[in-house]
Number of protein chains: 2
Amino acid sequence: MTLKELSELLGLSPTTVSRALNGYPEVSEATRKRVTAAAREYGYAPNTRARSLATGRAMAIGHVIPISAKHEMVNPVFADFIAGAGEVYSRNGYDMLLSVVPDEDEVDAYRGFATKGNVDGIILHAPTLNDPRIELLNTLGLPFVVHGRSSDTDGPYAWVDVNNTRAFQRATDFLLDLGHRRIALVNGLEHMDFAIRRRAGYEGALAARGIAPDPALMFAGEMTETHGHDITRALLAGPTPPSAILVSSMITAIGVRRGMEEMGLRMGRDISLITHDDELSYFRNGADIPVYTSTRSSVRDAGRKAAGMLIDIIERRDTPREILLEADLTLGQSTGPAVTV
Amino acid sequence: MTLKELSELLGLSPTTVSRALNGYPEVSEATRKRVTAAAREYGYAPNTRARSLATGRAMAIGHVIPISAKHEMVNPVFADFIAGAGEVYSRNGYDMLLSVVPDEDEVDAYRGFATKGNVDGIILHAPTLNDPRIELLNTLGLPFVVHGRSSDTDGPYAWVDVNNTRAFQRATDFLLDLGHRRIALVNGLEHMDFAIRRRAGYEGALAARGIAPDPALMFAGEMTETHGHDITRALLAGPTPPSAILVSSMITAIGVRRGMEEMGLRMGRDISLITHDDELSYFRNGADIPVYTSTRSSVRDAGRKAAGMLIDIIERRDTPREILLEADLTLGQSTGPAVTV
DNA sequence: CATGATGCTCAAAGCGCTTTGGAAGTCGGG
DNA sequence: CCCGACTTCCAAAGCGCTTTGAGCATCATG
């Protein structure tokens with residue numbers, strides 16, 4: 001069913017039908033009613049490709065997911081972010097275009113979005129320190145919003161981020177208040193901007209109490225369960241194990257906990273743990289009482305906010321271009337006063 | 001940069017340029033070289049919308065992710081499936097279109113795909129018993145592939161599935177061989193087809209040894225960590241706890257394990273656990289020696305297979321329309337002989 | 001009654017591409 | 001030297017929609 005067919009059926013011109021459907025004022029209320037009723041009856045919906053060719057708007061937002069041959073890994077945070085963003089897209093009539101590419105082709109993927117004109121905007125994921133993709137997107141001239149920030153990148157760009165520095169500084173402070181002095185940090189890969197900031201928060205809190213950060217207590221790696229487990233085993237088997245561990249992801253924290261328990265330590269009593277919790281929908285941190293004490297910020301909500309901002313930019317609405325979300329510090333059962341081992 | 005501009009630059013007609021770029025034989029090799037070089041130089045890529053309007057092919061595959069208000073939950077398996085499928089799409093020049101909708105709008109989303117013509121095919125996720133969406137898609141006439149199957153649905157449809165029945169039957173058999181008699185089943189929601197089949201495998205294995213399934217040992221629910229934990233606590237606190245637990249997902253198994261350990265039981269020694277493992281990239285089952293004994297099947301690989309099949313169907317290639325993957329039964333540290341409690 | 005304003009509708013152009021149906025140009029065979 | 005067969009290229013139509021610019025009634029106003 002095309003617009004032309006529908007209009008012939010109604011005895012109207014395509015123009016009028018189009019205007020009726022798109023809410024233009026030049027068409028009488030009676031005609032509009034008649035048209036929309038017919039459209040519903042015959043199941044007519046304008047062809048997206050034709051429409052966007054005519055309007056110049058793709059009505060779609062692009063996301064690029066790089067797949068690395070080295071660490072074959074899809075960020076678990078991604079699924080929840082997508083869900084949040086996707087909600088907002090559908091509500092506003094946008095589609096979401098996902099491009100899964102080998103990471104060496106990532107730049108081409110962005111270029112492709114721009115030249116092939118199949119999206120109106122882009123969300124940039126997982127920015128690194130001084131991320132070159134930001135400049136690329138700026139030169140491509142396609143609206144975009146970054147989920148996270150990129151330190152050392154100058155020039156303005158739109159972003160939605162959690163206050164990672166503050167969150168980890170508060171978490172560290174809290175552990176220090178409980179009497180912990182040897183606090184380990186199990187961080188994400190430290191070319192990632194969020195990891196850099198978390199580390200800065202951690203080190204800042206230590207420094208404020210005159211404690212020099214111990215490199216032997218600081219780790220960076222992929223945020224998998226296994227990684228958390230292995231590091232914890234190694235740490236606890238060492239000569240001077242920490243009394244508390246600060247972890248960058250719930251998933252890693254699960255592994256850390258497993259390591260602790262395998263070493264015969266009871267989490268929350270013998271050793272403390274604070275994790276960052278992205279509030280992944282399928283990985284709730286306990287029911288009523290959280291299992292883990294955590295710095296908490298909903299990644300799904302970040303997705304919604306980023307999507308909303310991007311649509312605002314595309315549609316030239318005047319709204320803030322920077323959103324900094326504060327993480328809550330939520331008390332769970334995984335922390336307690338430092339015990340002298 | 002449009003085709004017309006490029007052709008003027010080259011002193012050729014748009015027709016010739018288009019044909020050169022699309023590999024038609026009517027254009028000389030010399031011209032083709034000249035055209036492709038110019039295209040590269042000026043960064044020309046055909047506008048997707050215009051092209052697909054002209055060809056009638058959207059060069060995109062649609063996925064619908066329903067978001068439920070009740071159980072706000074994005075299937076974690078989804079991310080990995082998407083990654084696998086997405087790989088194949090990009091390699092074949094297809095885009096992936098994700099539609100995140102409230103689940104009451106799911107039917108509309110499929111209808112929308114069909115009438116708005118923005119996809120050439122659809123992947124159907126998480127089929128239930130006698131899933132009405134299959135008939136819907138059949139009447140819509142859009143090529144589709146189901147990830148999973150739908151029992152009680154007659155009429156052929158294309159699918160990629162794991163042999164869930166066989167996997168759980170084997171796992172149960174294995175536990176029985178180890179002397180276990182009271183084996184609990186922590187399953188996914190049992191309107192889901194995969195859960196029905198897993199239960200059938202479990203019950204079949206028990207029946208083969210003359211053991212009547214005990215309803216008090218069978219559970220169905222969302223496959224979250226918390227759910228596994230809570231069920232396990234309840235089970236182990238009961239009068240006649242099981243000596244082994246069969247779990248439908250790694251994530252749930254993590255919770256089950258947590259419950260076991262909280263109750264003072266050592267997994268693999270005091271109590272056994274077998275889980276199904278979808279081989280999620282961020283949730284490896286141990287490094288060299290698997291932590292959990294598991295029925296194992298890569299969901300990412302299923303994604304690749306489903307995507308490949310769908311593209312074959314769209315492009316009218318003649319390939320099998322049904323793929324049944326066998327899950328491995330991988331031995332880990334979570335199982336051992338039954339101990340009399 | 002003439003005039004302009006207003007409300008409703010339409011014809012036609014154009015978005016950027018593919019593709020059909022030729023039309024020139026080239027070449028070898030009769 | 002002519003003719004058919006290729007080879008190489010092009011003009012123009014068409015994909016399904018939006019949107020510009022007008023046209024035709026109808027209505028209130030001076």
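Proteins get letters first, then strands, A, B, ... in listed order; numbering begins at 1 in each.
- The heavy-atom pair separating B:I67 from A:R300 by the smallest distance is CD1-NH1, 3.5 Å.
- A sub-4.0 Å separation between OP1 or OP2 of D:dT18 and a side-chain N or O of A:R51 is present.
- For the OP1/OP2 pair of D:dT18 and a distance below 4.0 Å, the side-chain nitrogens and oxygens of A:S18 include at least one atom meeting the criterion.
- Distance B:L3 CG to C:dC15 P: 13 Å, rounded to the nearest Å.
- Here D:dT18 is the nucleotide among C:dG16, C:dT18, D:dT18 with the atom lying nearest to any side-chain atom of A:T55.
- Interatomic distance, A:D152 CG to A:N130 CG, rounded to the nearest 0.5 Å: 5.5 Å.
- Distance B:Y24 OH to C:dT20 P: 7 Å, rounded to the nearest Å.
- Two residues, B:T31 and B:L53, neighbour DNA chain D, and the one matched to the more 5' nucleotide by heavy-atom proximity is B:T31.
- The two residues B:L136 and B:R111 have their closest heavy-atom pair at CD1-NH2, 3.6 Å.
- Within 4.0 Å of B:S52, counting heavy atoms only, lies no atom of the nucleic acid at all.
- The distance from atom CG of B:N47 to atom P of D:dC17 is 17 Å, rounded to the nearest whole Å.
- Counting atom types as modelled, A:T15 pairs a side-chain N or O with a base atom of D:dT19 as donor and acceptor under 3.5 Å.
- Looking only at side-chain heavy atoms (C-beta outward), B:D193 and B:T128 stay at 4.5 Å or farther from each other.
- When the C1' atom of C:dA13 is taken as reference, atom NZ of A:K4 falls 15 Å away, rounded to whole Å.
- As rounded to whole Å, 13 Å separates atom P of C:dC8 from atom NZ of A:K33.
- For the pair A:E29 CD and C:dT9 C1', the computed distance is 16 Å after rounding to whole Å.
- Proximity note for B:A54 (side chain, C-beta onward) versus D:dT18, C:dC17, C:dT9: the nearest is C:dC17.
- When the side-chain nitrogen and oxygen atoms of A:Y44 are compared with OP1 and OP2 of D:dG16, none of them lie within a distance under 4.0 Å.
- If you take CZ of A:R49 and P of D:dG16, they are 9 Å apart, rounded to a whole angstrom.
- Checking B:W159, B:F78, B:F144, B:Y110 one by one against B:H125, the ring pair (Phe, Tyr, Trp, His ring centres under 6.0 Å) holds for a single residue, B:F78.
- The nearest whole Å value for the distance from the CG atom in B:L12 to the P atom in C:dA23 is 21 Å.
- The nucleotide whose nearest atom lies closest to any side-chain atom of B:R19 is, among D:dT20, C:dT18, C:dG21, C:dG21.
- OP1 or OP2 of C:dC10 sits under 4.0 Å from a side-chain N or O of A:T16.
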